[in-house]
Student: 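Sharing a structure, written as structure tokens. Questions coming.
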Amino acid sequence: MDFTSEQRLDDGVLEREFTLGEIPGTLWTPESAAPAPLILMAHNNGLPRREARLVARARKTAAYGYAVATIDAAGCGDRPRSAADEQARADLRRAMRAGEPVDEIFESFIGPLVENAAPEWRTTLDALLALPGIGGPVGYSGWTALGVRLAMLEPRISAAGFFAGGYVPRAQREEARQVTVPLLLLLQWDDEGNPRQRALDLFDAFGSKEKTLHANLGGHTGTPWFELDDGNRFFGRHLR
């Protein structure tokens with residue numbers, strides 16, 4: 001892991017850009033002498049790690065005393081996309097404009113995106129846990145489809161916070177039954193692009209004995225800011 005830049009933010013959090021082979025990422029660490037628990041943070045459906053909402057969540061979470069890391073995994077953010085991915089995205093835009101069904105189009109690119117991204121996140125986790133100042137346990141926050149896959153495969157993840165606002169492929173809906181870590185699922189009740197019942201069915205499918213659903217009125221990007229505070233309290237119960 002090579003760090004390419006760093007800056008100290010006003011709240012004492014250290015923000016560093018890094019590369020790990022072809023993987024670009026960002027790491028935020030709190031101003032603390034003790035090793036910090038780690039939270040992996042991914043944005044829904046592979047959007048860029050520099051997206052403003054993700055960065056704001058990451059900085060606030062680090063200020064709570066966590067190390068927070070995000071990457072642009074294969075096919076995500078600024079990383080190159082395959083011709084098939086680009087065609088699927090073009091088909092999705094056309095279908096949405098025409099009011100046509102889009103589930104099969106989502107399957108055609110979100111499924112492979114998860115398959116390709118998960119190994120790079122695990123490689124990144126290996127490198128992060130080898131750094132001084134970062135210890136376990138590990139949490140995950142954000143993109144549900146990827147989080148389901150990681151929580152199923154990765155025994156080092158102890159708790160997960162998911163956003164119900166992104167498409168979850170059928171494979172991950174089945175894998176949810178094998179997820180047993182404590183989890184918190186955030187649902188926007190009026191999310192125009194994500195059927196409410198599908199999110200409720202996913203919550204029901206999770207195999208976790210401790211799982212919590214927070215539902216708030218509003219559309220896709222309307223998650224209340226106080227949910228970040230509640231999420232950090234959730235991680236505080238399981239990562240400290």
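Below, each value reflects all heavy atoms present in this structure, side chains not excepted, and no hydrogens, waters or symmetry copies.
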Student: Could you go through R16 and S5, starting from their C-alpha distance and side-chain angles, then the distance that decides it, and tell me whether this counts as side-chain contact (heavy atoms from CB on, under 4.5 Å)?
Tutor: CA-CA 6 Å; R16 289 178 283 177; S5 69; over 6 Å; no
Student: Taking the side chain as every heavy atom from C-beta outward, state whether P137 and H238 have any atom pair closer than 4.5 Å.
Tutor: no
Student: So that I know where these two stand, are Y140 and F235 an aromatic pair - ring centroids less than 6.0 Å apart?
Tutor: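 No, ring centres 6.0 Å or more apart.
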Student: Is any side-chain heavy atom of F109 less than 4.5 Å from a side-chain heavy atom of R89?
Tutor: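 Counting from C-beta outward, F109 and R89 do come under 4.5 Å.
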Student: With a 4.5 Å cut-off on side-chain heavy-atom distances among I, L, V, M, F, W and Y, is there a chain of contacts connecting W121 to L27?
Tutor: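 Linked, W121 and L27 end up in one cluster.
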Student: Can you find a heavy atom in the side chain of Q7 that is under 4.5 Å from one in the side chain of L9?
Tutor: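 Yes. Closest side-chain heavy atoms under 4.5 Å.
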Student: Classify the side-chain pair E17/T26 by whether it contains a donor and acceptor separated by less than 3.5 Å.
Tutor: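 Per modelled atom types, E17 and T26 side chains form a pair under 3.5 Å.
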Student: Would you call R149 and E115 a salt bridge, using N to O less than 4.0 angstrom?
Tutor: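 Yes, this pair counts.
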Student: Taking only Lys NZ, Arg NE, NH1 and NH2, and the carboxylate oxygens of Asp or Glu, determine whether R170 and E104 approach each other closer than 4.0 Å.
Tutor: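 Counted as a salt bridge, because a side-chain N and a carboxylate O are separated by less than 4.0 Å.
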Student: Tell me whether D78 is salt-bridged to R50, with the criterion being a basic N under 4.0 Å from an acidic carboxylate O.
Tutor: yes
Student: Holding to side chain to side chain donor-acceptor pair (under 3.5 Å), I want the full list of residues that pass it with K211, two or more places apart in sequence or in another chain.
Tutor: none
Student: Can a cation-pi geometry be assigned to R198 and F203, taking NZ or CZ under 6.0 Å from the six-membered ring centre and within 45° of the ring axis?
Tutor: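 That pair does not qualify as a cation-pi contact.
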Student: Does this structure show an ion pair linking D126 with R156, if we count only N-O contacts that are shorter than 4.0 Å?
Tutor: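 Judged by the 4.0 Å cut-off on N to carboxylate O distance, D126 and R156 do form a salt bridge.
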Student: Below 4.0 angstrom, N of the basic side chain to O of the carboxylate: do E120 and R79 qualify?
Tutor: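 Looking at R79 together with E120, the answer is yes, because their closest N to O distance falls below 4.0 Å.
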Student: Without hydrogens or angle criteria, can the side chains of Y64 and D229 be said to hold a donor-acceptor pair below 3.5 Å?
Tutor: yes
Student: Taking atom types as modelled, is there a side-chain donor on Q178 or E175 under 3.5 Å from an acceptor on the other?
Tutor: no
Student: Find out whether P224 and Q188 are in side-chain contact, i.e. whether some heavy atom of one side chain is under 4.5 Å from a heavy atom of the other.
Tutor: yes
